[in-house]
Amino acid sequence: MFPVPRLLTRPDTVPAADEVLYQDPTVYTPKPTASEALANPDQAAAALTVLDPDGPALTALSMLRAPALSDAGLIDALVASDRLLATVAAKQQEFLAELAHRDPDGDRYLRDEAACALKIAPGTAVQKLDEAVELTGRLAGTHELVAGGYLSPVNARILARAVLGLTDDVAAKVQERVLPRGCGQTPGEFRAAVRRAVARFDRKDEAQKHAEAFADRHVISYPTENYMADVVLHLAADGAAVVTTAVNAWAVKTDASDTRTADQRRADAIVDICSHALALPGVPRQQGIKPAINVTVAESTLTGVDDQPADLEGYGPIPAAMARRLADLPGAHQHRFAVDEHGRILDRDANHDTGANHDRDATPDRAGTLTSEQYQPPPRLARHVINRDRHCIHPGCRRKAWNCQLDHRVPWPDGPTSAENLEPLCKRHHDLKHHSNWRLHKCPDGSYEWTSPTRHTYRYRPPELPTPTREAAPERPQQNHDDEPPPF
């Protein structure tokens, strides 16, 4: 059906001009039609590995049926689909770069809408925009290879991230150095090649390189399996030495009956050090509330009626036994919230029916909604809103509500300081709400609907929390004092 010359697989393999037998497969390989792809799938798949990854190629690929392909045909189909994915990725880079050029300083909040539209975190969107600007600008040669289906988009992003902050001359030299082999390398191989090229051509002195690296110091916690987590510290060498010395000092074995391994003692030492730090006086408050480990658990689980998973802030679901253990630690105190059958915290005060009033500055109105007469929400009201919404309510933003500003949806004093009229917004998305044409609406189900200036709508839904069973359970003693010692 199709003659499929295999003389060209990557741009760096083009034969010399005097090799007269060379044929460009993109010219001499006929494009399979949809019917030909159905009738001869293996030959069509082989042709698609060398043809330009364009619209007709996508049509032919969509007609291939996996069970009809031989082993060789399946491999060819994988290669063809990978080239088409690269072409689409390159086109998306062009769209992202144009968006970045239209909003270079972020004042139009287009990057925030890109995050909403692509369902990614705002920080990830900014990174994608920076990469797109590099690839369609200084790294245009790299972008061309991706668009042709020759270079992996992953490798292209590795290069784009590596040259951020480098001069135009150095970026050009790095690209020229790594591209000839980059089309045939795995991401790991390509990343190593890029690092070598940057080290070779970047002539910054050591102090300048360290200053730039030091600016990227951070601490990140990653949830892992079996209710564990990894905490990654990226520090300067001297700072890492301080941390390591302190951990090793607290992890010294002082009791012969201690059967823990050295690694286990060090891990426990970090928790001990941080627990002591939280108990020190002068720890900064957020929203008028002391920092605390926050666990949301159904009352029926807390009292032992059932064993529903609880929700640990910053991690997610944890087993009931772990939640009860945290609740029983010295200094732990409880706050009650009314929830509906879907696990959504209601704006109604959970203590309204009992007449309890633990905060003179936040009292339930006739509907049971916590309300304050002052502008700044008092701790009881702030805690209610923070636990209800959990994060900044702009779609995709993962900033914890504890670290956000509590915004009056209807500006105060026209709108009350109440649970119904307050929501957490990080600084950027608070500015977006007040200084742009984005519009916010709270829906009856407790979700938030945002309408952008482009008239697209995006929604944030607070996570569903555990719901208590209806079976009666014995009361547990409650502590509800804002000045209880942290961290629980």
Side-chain angles (χ1 to χ4, degrees), residues 1-97 131-132 135-136 139-160 175-190 193:
M1 170 184 156
F2 307 108
V4 184
R6 300 270 185 172
L7 299 181
L8 177 64
T9 57
R10 299 194 311 268
D12 60 302
T13 63
V14 176
D18 57 351
E19 294 187 29
V20 295
L21 294 179
Y22 168 73
Q23 291 181 324
D24 185 344
T26 62
V27 174
Y28 291 97
T29 301
K31 290 185 178 180
T33 65
S35 59
E36 289 169 336
L38 284 172
N40 300 282
D42 279 359
Q43 289 179 295
L48 292 174
T49 64
V50 294
L51 290 169
D52 288 334
D54 53 15
L58 176 60
T59 299
L61 183 74
S62 68
M63 299 306 296
L64 295 179
R65 297 294 177 260
L69 292 164
S70 67
D71 292 351
L74 278 173
I75 297 300
D76 286 337
L78 287 174
V79 172
S81 58
D82 203 49
R83 295 189 67 206
L84 283 161
L85 286 171
T87 300
V88 174
K91 181 57 68 173
Q92 187 185 67
Q93 295 286 353
E94 296 171 15
F95 300 147
L96 288 168
E131 294 167 359
L135 289 170
T136 58
L139 302 178
T142 301
H143 180 71
E144 183 178 352
L145 290 179
V146 177
Y150 299 108
L151 180 68
S152 162
V154 176
N155 286 4
R157 291 194 296 270
I158 289 171
L159 179 58
Q175 176 181 239
E176 183 180 4
R177 180 77 175 181
V178 301
L179 279 192
R181 295 185 178 179
C183 296
Q185 291 179 316
T186 66
E189 294 169 336
F190 188 72

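Side-chain atoms are counted along with the backbone in the values below, which use heavy atoms only and exclude waters and symmetry mates.
Summarising the geometry of A140 relative to Q175, their closest heavy-atom pair is N-OE1, 4.2 Å, with the distance given to 0.1 Å. The minimum heavy-atom distance between Y150 and C183, with the atom names listed, is O-CB, 3.6 Å. What you find for Q185 and R181 is that their closest heavy atoms are CG-O, 3.1 Å. Nearest heavy atom pair, residue A37 against residue M63, reads CB-CB, 4.0 Å. The heavy-atom pair separating L135 from A156 by the smallest distance is CD2-O, 3.7 Å. Taking both residues in full, the closest heavy atoms of A47 and T29 are given as CB-CG2, 3.8 Å, listed atom of the first, atom of the second, then distance.
Of the listed residues (P32, P56, P30), just one forms a side chain to side chain contact (heavy atoms under 4.5 Å, CB included) with L51, and that residue is P32.
The side chain to side chain contact (heavy atoms under 4.5 Å, CB included) check on A132 picks up Q93, L96, A97, with sequence neighbours excluded. With sequence neighbours left out, the salt bridge (charged side-chain N to carboxylate O under 4.0 Å, His left out) criterion links E94 to K91. Partners of A89 by side chain to side chain contact (heavy atoms under 4.5 Å, CB included), not counting sequence neighbours, listed by chain and number: P153. Not counting sequence neighbours, the partners of V154 by the side chain to side chain contact (heavy atoms under 4.5 Å, CB included) test are S152, R157, I158, P187. Contacts of A90 classified as side chain to side chain contact (heavy atoms under 4.5 Å, CB included), with partners at least two apart in sequence or in another chain: H143, V146, A147.
Note on residues 53-68: pairs passing salt bridge (charged side-chain N to carboxylate O under 4.0 Å, His left out), not counting sequence neighbours, are K31-D54.
Not one N or O on the side chain of D42 forms a donor-acceptor pair closer than 3.5 Å with the backbone of A72. The main-chain N or O of G182 is found under 3.5 Å from a side-chain atom of N155 such that the two form a donor-acceptor pair.
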Next item on the list: Could you walk me through whether L151 and L179 pass side-chain contact (heavy atoms from CB on, under 4.5 Å), step by step?
Entry: CA-CA 9 Å; L151 180 68; L179 279 192; 4.1 Å; yes
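Counting heavy-atom neighbours within 6.0 Å of E189 CD, excluding the residue itself, gives a total above 12.
Side-chain contact between L58 and V88 is absent, with no heavy-atom pair separated by less than 4.5 Å. Using a 4.5 Å heavy-atom threshold, the side chains of I75 and T49 count as separate.
Atoms CG and CG, from L145 and L139 in turn, are 11.0 Å apart once rounded to the nearest 0.5 Å. Considering CG of L159 and OG1 of T142, their distance stands at 4.5 Å, rounded to 0.5 Å. The CG atom of L69 sits 9.0 Å away from the CG atom of D76 when rounded to the nearest 0.5 Å.
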